[in-house]
Protein chains: 2
Amino acid sequence: MTTTRRLHTQQDMRRRNLAAVLYAVADGGPASRARVADRIGLTRTAVSTLVDDLLAAGLLAEAGLGHSGAPGRPGTVLALSDRGPCGLGAEIGVDHLAVCAVDLRGRVRARAAVDSANRGSQPGPVLARLAELVTHVHDEVTAAGLHPAGLRVAVPGLVSRDRAHVVQAPNLGWRDVDLTTGPLAAHAPPTADNEANLGALAELWIGDPVCRTGDVLHISAEIGIGSAILTDGRLLRGNRGFAGELGHVPVRRRGEPCACGGRGCLEQYAGEAALLRAVGLDPARAVADHPGPGARSAYLGGRARDGDPDVLRALRGAGTDLGIALTGATHLLDPHALVLGGALAVLAPWLLPSLTAELGRRLGTAPPLVVSRLGADGPLLGAAHAVTRAVLDDPLRTGAAPA
Amino acid sequence: MTTTRRLHTQQDMRRRNLAAVLYAVADGGPASRARVADRIGLTRTAVSTLVDDLLAAGLLAEAGLGHSGAPGRPGTVLALSDRGPCGLGAEIGVDHLAVCAVDLRGRVRARAAVDSANRGSQPGPVLARLAELVTHVHDEVTAAGLHPAGLRVAVPGLVSRDRAHVVQAPNLGWRDVDLTTGPLAAHAPPTADNEANLGALAELWIGDPVCRTGDVLHISAEIGIGSAILTDGRLLRGNRGFAGELGHVPVRRRGEPCACGGRGCLEQYAGEAALLRAVGLDPARAVADHPGPGARSAYLGGRARDGDPDVLRALRGAGTDLGIALTGATHLLDPHALVLGGALAVLAPWLLPSLTAELGRRLGTAPPLVVSRLGADGPLLGAAHAVTRAVLDDPLRTGAAPA
DNA sequence: GCCATTTCGTCAGGGCTATTTACAAATTAG
DNA sequence: CTAATTTGTAAATAGCCCTGACGAAATGGC
């Protein structure tokens, strides 16, 4: 940043104020123009002109008069439109595909999913199957009067900075896959992002409110153990987009060697494969026996619920090791809360005792541990919401209703 | 943030554009109005009016005509004023006090320091001694035509959110000290910040350029081992302001118990006290023998330079343990670079071999390791620059020259 | 030395944005 | 029914930046 700091023009100001109005309604609920003006600190006049633009663009809708009981003329209630733009989110998991659509109000308006063995697959056919699902969801919401404003795809891997390419997805066996030229291109310019990141953003946007009140470390386990650092309402991505690799934080000085090149990585003790091995199962075999998102976790959870001592011991150990890694992360980040998402949310009942014990022992006062309520849906919902968020952030550019 | 997003009014836009002009000159060097306009993307007309305000406020100064050799009328060169506002920075160390003043151009215009045994001291007398130094520096820069715009104090401890109080400074033995009512109050509303944070910000603002190109983890050791996470040009402070406690990241699963309540903390193996013990010295005794900022590090560095095998072995071990902690931090943050500051910069020649070896072993490709060139001056300079930065960020509010 | 060319800084006019002020409309309280 | 209160809009105003034009001050070729 030698020079050229961000430009601050009048259009910029207008754009931000339009976004401010939308977020005032999104965060604070439906309200009259005057109430919105109070919330964002502009005058009623200014808000009126902003609202006019947003009504014309189909982002806001008037929802009748709001009789509050107090004296004075009642205001016309403004709400985010449920027939305006919507976001399409897709997910490419190792053994399933899913698509959903959410409207500006955050409601899921359509969804579709199929099992699909994507590990070591060719991108073409997988994307073709996904495109079918997208078409299905697209048609459904279009029939409901919504206009898809974009498509974001959650992938278990690294994504290029412009979000157009999947740079590397080890568990799929993909390298350098261009989404914009494949079968997905038909609907909207498709964009990709990492599934763990989208899961964390979902937590920030529609999950536990604690994520909105301060910095948070969001831990999720799907195949590996990932995490995401939410600071100041944004995601810390790091230099190459690799930030959050909690699974490779060392928890034993001279422990098991790991595929990452290190040794004693958390993943060797608390990862899915390690848990399966610890209860005497072959990881590859277990995946074949229990395909689908979260299936192994559900299986382990089931055995834990039945009181299986091997599983309970394995989960206890994993919680302890997770506690060591999170002790380090907490000292480094001083987060407002630790959020367990994905498979960890499912297994939380049996991880939490040893995890909280270890954190308490080492930290004295540990940040509150929160279990996500989004579960395995996080990445998919995050993808769809990323699209609607982009519309809210820059209403007139992306949000204009088709003529 | 239920409601009330940031307000975007015309005054805001103006303020940012004023700041953009100043930063264009600060980062890109002196330049004509037309050149500044090119840099920040505004028109020459707009820049002219902005510059008029900044000249009137005494923040910019015209420095004659710039004959470039190219055809065309030469522009009048604009530079940051060296007689305008300046920043006062102060530092309360465990065994010294220091004050300096920097002008808008970043030059140190005055400084003063004294040794002072502040460990376990009463705040009153210490602040009184510091106030004397401040007065001295203040008078010196005032004589040079500068106007101190504020005073920031670097303290080895935790500071309240409004920067008015020292909440806790264990190494000084201070709790809840209000700076605004003490002897410092005479000069300007004094504000405090943590010394490690200010050291990292100094690195960001005037240190290695790598800190300005991406996220960076800045590691410093004064008494403990601290660090600071610089992301997106800002400092990640965490929930309570405790972020960056690298010294208490566990590096041994069942290691030495630590005063923090944990065990196996990095500080037990790579901290100053641990190093001194490892070479057979009593830490308290060593502090008495070698008072002053960085004195123990300098002493150890001296013995290392002489080839003392005990010291070399201790530093080698510290480098390895630091490498383990930084492996975890790197996986978590994926920083653009790791910067060694403070005492670590002094000892870097003997820490680096084992540190880089450990990082290379565990990470494959580690982020570049950079040794700070600011050394022990970082926090003090950061404090002074924090004041001038605040002036640049909001020129007309804080920067107006006294009438 | 003189003129064309180029660049710099400024002035006048205009557009966009939000604010101020005023007012009609719609409700409650008495 | 009247007074009080709140809402939404209209007209006028102020602030900020942009466009277009112009004089000023340099270079370069003749």
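The sequence lines fix the lettering, A, B, ..., with proteins before strands; numbering per chain opens at 1. It should be emphasised that the depicted structure is a prediction, and the values quoted were computed from it without experimental measurement.
As a whole-Å value, the separation of M13(A) CE from dG15(C) P is 17 Å. Taking atom CG on L78(B) and atom C1' on dC8(C), their separation rounds to 12 Å, with Å as the unit. Between L50(B) atom CG and dG9(C) atom P the separation is 14 Å, expressed in whole Å. What separates CZ of R35(B) from C1' of dG9(C) is a distance of 14 Å, to the nearest Å. Whole-Å rounding puts the R16(A) CZ to dA18(C) C1' distance at 16 Å. Counting to the nearest Å, the P atom of dA14(D) and the CG atom of D12(B) are 22 Å from each other. When the P atom of dG8(D) is taken as reference, atom CG of L55(A) falls 11 Å away, rounded to whole Å. We find that CD of E62(B) is positioned 15 Å from P of dC8(C), with the value rounded to whole Å.
Of the side-chain N and O atoms in N17(A), none sit less than 4.0 angstrom from OP1 or OP2 of dT17(C). Within the structure, a side-chain polar atom (N or O) of S48(A) is placed less than 4.0 Å from OP1 or OP2 of dT9(D).
The stretch residues 47-69 of chain A participates, sequence neighbours left out, in these salt bridge (Lys or Arg N to Asp or Glu O under 4.0 Å) pairs: R14(A)-D53(A), R33(A)-E62(A).
One N or O donor and one acceptor, one from the side chain of Q10(A) and one from the base of dC16(D), sit under 3.5 Å apart.
Minimum atom distance to the side chain of A46(B) is reached by dC17(D), of the listed dC17(D), dT7(D), dA18(C).
Looking at every heavy atom in both residues, R373(A) comes nearest to I206(A) through NH2-O, 4.2 Å.
Interatomic distance, NE2 of H218(A) versus CG of L201(A), reported as 9.5 Å (0.5 Å rounding). Rounding to the nearest 0.5 Å places CG of D82(A) at 5.5 Å from CZ of R109(A). Here the CG atom belonging to L204(B) is positioned 9.0 Å from the CG atom belonging to L235(B), to the nearest 0.5 angstrom.
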side-chain contact (heavy atoms from CB on, under 4.5 Å) between L88(B) and V387(B): does it pass, once the steps are laid out? CA-CA 7 Å; L88(B) 298 181; V387(B) 175; 5.8 Å; no

Kindly indicate, with the supporting measurements, whether the criterion salt bridge (charged side-chain N to carboxylate O under 4.0 Å, His left out) is fulfilled by R39(B) and D27(B). CA-CA 10 Å; R39(B) 287 184 188 166; D27(B) 295 343; over 6 Å; no

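The nearest heavy atom of DNA chain C to V77(B) and to T49(A) marks one nucleotide each, and the one closer to the 5' end goes with V77(B).
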Can you give one letter per nucleotide of nucleotides 21-30 of chain D, 5' to 3': B if a protein heavy atom sits under 4.0 Å from the base, S if only from the sugar-phosphate, - if neither? --BBBBS---

